[in-house]
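Positions are given from 1 along the sequence.
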Amino acid sequence: MEVKKFERAWTKRDIYKSMLFFFLHFVILTLIVGTVLLYDEFANIVEFMRVNGADYLYTLFCVLLIITIMYFYFLFEDREMISNGKNIALLFTVLNVYFLLAWFIGEKVDLYARPVALVALLIFVLVGRRDAIFMTVISTLFMFIIDAFTGTATAREYYSSLIISFSSGMIAIFFCSKAKTRFAVIGIGIFIVLPIDLIIFLLEISSLVDGTVPTQFSDFQAIFIRMGYGLFGGVMSAVLFLAVLPPFEFAFNCLTVFRLRELTSSDAKILKKLKQEAPGTYNHAMMVAQLAEASAAAIGENVDYARAAALYHDVGKLHNPEHFTENQGDYNLHDELSPELSADIIRSHAKDGYTLIKSHHLPEFFADIALQHHGTMPIRYFYAKALKLTDGELNIEDFSYLGPKPQTKIAAIIMIADASEAAVRAMNARTPEAAERAIRSVIEERMDLEQFAECDITLGDLTKIRYALVDTLTGVYHHRIKYPNLKYKRTEYGTKGENE
Ligand SMILES: [Fe+2]
Ligand SMILES: [Fe+2]
């Protein structure tokens, strides 16, 4: 779910650093597990270790083994994920939280009542589908190792618990992408109860059939009670997920699809303000969002991110909305100002947007795009106005945005979509050909001024973006296609068209 950034090559230092973090978290995990499992034995720990020392070492080795495999999985499959300590901490915190909850519920309620899909749901929403599948396997094995160590239930129950935990985690992941809001996840919780209960029923009934077919109501009663626990486990997965997701989002500053949807609804605080105080800018932002969405889809970037960042790209205009053409009536405030002052007011909206987004604790990603969406482009209108008023030398930088240039593909998309929207809106005849010309010149002008020098957008991407923008913009402005003039004639062979 994270935005793809330009991936830099890994140095040995990066590898050692990530290894060290992993090892530290392994130690913390071991301490937590050790404390929980040995809590009652602390009084006679020496005696306990003399009897169970070998088992303890065996368990520790198994945990070390799966954590090592987990490290190599991320090293080869998703290096970005372990490139900083925050993400590694996130993975281990999910494991720790799951262990504590699963252990507590397993002890106090029933083995089958554990929140089996919690890791799957959390990693899916906070990180992504592929890592969620892998972490489901890891957490399932991890709990199995712990269960084998504690050994309070029967071996069959542990195997059942292993199967239930793995399959319900997977099923939760397969259905999770359908959840549009946080509360829709409750639906997934109820849905995963079906396979859990089916598995419990089959496993339990097969363990009953040992030569005698179960006919007694009491035999079935035990099965139904365990199925009830399975139901509890499925629902608890969703309930606990809803409870722990906000602290995770906050502590690790994760931008989940749910938070993204809340931030892009028209009820979001800043967007509401923009709608009331700068309706022109609000409409423009909505339009740019639509264009950014189409462009992101065309080049395989994250559509939700592009849409959301586009909605917030011009919030800096809230500082003095009436200085921007889209919010002006007949009266232009810039007529009374020097071109230098005008340019200064206009260009400050990028920085103001950045500050406003940061001060509202919105995602850093939005703030970066607000700052970068004009790059270091000159404000052509006021530069031209100043040139007319002076005979001397003018420094173009005094009339240019302060940058930085777009740093990601999505920032580049928003830069192009923003300028294209303004260019096409200003056109008299919005034919596809004219729109194509305008968008092409927007892109070429930015390429000439090296605005894409700091992001990894390719010429192929730029071509696809151009097509997507022409399609969307001509569609939006309801361009009527000119049909050739045809006259229809009825003949004995049917209707026939003829050019006029
Ligand atoms: Fe802007
Ligand atoms: Fe804009």
Side-chain angles (χ1 to χ4, degrees), residues 29 32-41 59 63 93-123 135-173 183 185-208 214 217-245 247-248:
L29 179 76
I32 292 174
V33 174
T35 312
V36 169
L37 297 186
L38 303 177
Y39 188 73
D40 295 333
E41 317 291 342
T59 308
V63 175
T93 312
V94 170
L95 270 185
N96 289 331
V97 167
Y98 175 64
F99 163 73
L100 290 172
L101 291 168
W103 184 83
F104 184 77
I105 293 174
E107 284 287 300
K108 302 285 175 210
V109 188
D110 190 88
L111 212 57
Y112 293 171
R114 287 172 171 176
V116 277
L118 185 62
V119 173
L121 291 171
L122 278 175
I123 301 287
M135 288 304 287
T136 300
V137 176
I138 290 290
S139 64
T140 304
L141 286 176
F142 178 66
M143 281 317 287
F144 184 66
I145 295 167
I146 305 289
D147 286 342
F149 175 73
T150 53
T152 44
T154 65
R156 189 184 283 271
E157 278 179 320
Y158 290 141
Y159 284 120
S160 304
S161 172
L162 174 87
I163 300 290
I164 293 164
S165 164
F166 172 73
S167 38
S168 50
M170 290 297 166
I171 293 163
I173 294 168
F183 292 98
V185 177
I186 293 279
I188 294 174
I190 293 165
F191 193 83
I192 56 171
V193 162
L194 295 174
I196 293 176
D197 271 355
L198 182 68
I199 296 166
I200 293 179
F201 180 76
L202 294 174
L203 291 171
E204 290 287 312
I205 201 132
S206 57
S207 71
L208 274 180
F217 176 71
S218 59
D219 292 338
F220 286 104
Q221 199 181 18
I223 298 176
F224 289 140
I225 288 172
R226 301 221 92 174
M227 284 169 72
Y229 286 134
L231 190 139
F232 179 80
V235 176
M236 274 317 269
S237 299
V239 171
L240 289 170
F241 164 77
L242 287 182
V244 300
L245 184 65
F248 268 101

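- Here F142 contributes atom CZ and T59 contributes atom OG1; the two are 10.5 Å apart, rounded to the nearest 0.5 Å.
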Quiz: residues 235-244 side-chain donor-acceptor pairs under 3.5 angstrom, not counting sequence neighbours:
residue, atom, partner, partner atom, Å
S237, OG, V116, N, 3.3
S237, OG, A117, N, 3.1
S237, OG, G233, O, 2.9

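- Under the rule for a ring-ring contact (aromatic ring centres under 6.0 Å, His included), F183 has no partner lying at least two apart in sequence or in another chain.
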Show your working on side chain to side chain contact (heavy atoms under 4.5 Å, CB included) between L121 and V185 and close with a plain yes or no.
CA-CA 9 Å; L121 291 171; V185 177; 4.1 Å; yes
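- Listed by chain and number, the residues in a side chain to side chain donor-acceptor pair (under 3.5 Å) with T136 amount to none (sequence neighbours excluded).
- Summarising the geometry, atom CD1 belonging to I123 is positioned 8.0 Å from atom CZ belonging to F248; distances are rounded to the nearest 0.5 Å.
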What verdict does the side chain to side chain contact (heavy atoms under 4.5 Å, CB included) test give for M227 and V193, after you've listed the backbone C-alpha separation in whole Å, the side-chain angles of each residue and the deciding distance to 0.1 Å?
CA-CA 9 Å; M227 284 169 72; V193 162; over 6 Å; no
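- Applying the side-chain contact (heavy atoms from CB on, under 4.5 Å) test to L202 and every residue at least two apart in sequence or in another chain returns L198.
- Distance check: L111 CG to D147 CG gives 5.5 Å after rounding to the nearest 0.5 Å.
- Under the ring-ring contact (aromatic ring centres under 6.0 Å, His included) criterion, the residue pairs touching residues 147-173 are Y56-F149, F144-Y159, with sequence neighbours excluded.
- Between atom CE of residue M143 and atom OG of residue S161 there is a gap of 7.5 Å, rounded to the nearest 0.5 Å.
- Each of L141, V36, L37 was evaluated against I146; a single residue qualifies, L37, per the side chain to side chain contact (heavy atoms under 4.5 Å, CB included) test.
- The side chain to side chain donor-acceptor pair (under 3.5 Å) search around D197 returns none, not counting sequence neighbours.
- For S168, there are no side chain to side chain donor-acceptor pair (under 3.5 Å) partners two or more places apart in sequence or in a different chain.
- Pairs engaging residues 226-244 under the salt bridge (charged side-chain N to carboxylate O under 4.0 Å, His left out) rule: D110-R226, E157-R226, E204-R226 [sequence neighbours left out].
- Heavy-atom minimum distance, S167 versus I199: OG-CD1, 3.2 Å.
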Taking only distance into account, with no hydrogens and no angle test, what donor-acceptor pairs under 3.5 Å do side-chain atoms of residues 95-106 form with protein atoms, sequence neighbours excluded?
residue, atom, partner, partner atom, Å
N96, ND2, F92, O, 3.2

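- Distance check, rounded to the nearest 0.5 Å: CD1 of I163 to CD1 of I200 gives 12.5 Å.
- For Y229, there are no ring-ring contact (aromatic ring centres under 6.0 Å, His included) partners at least two apart in sequence or on another chain.
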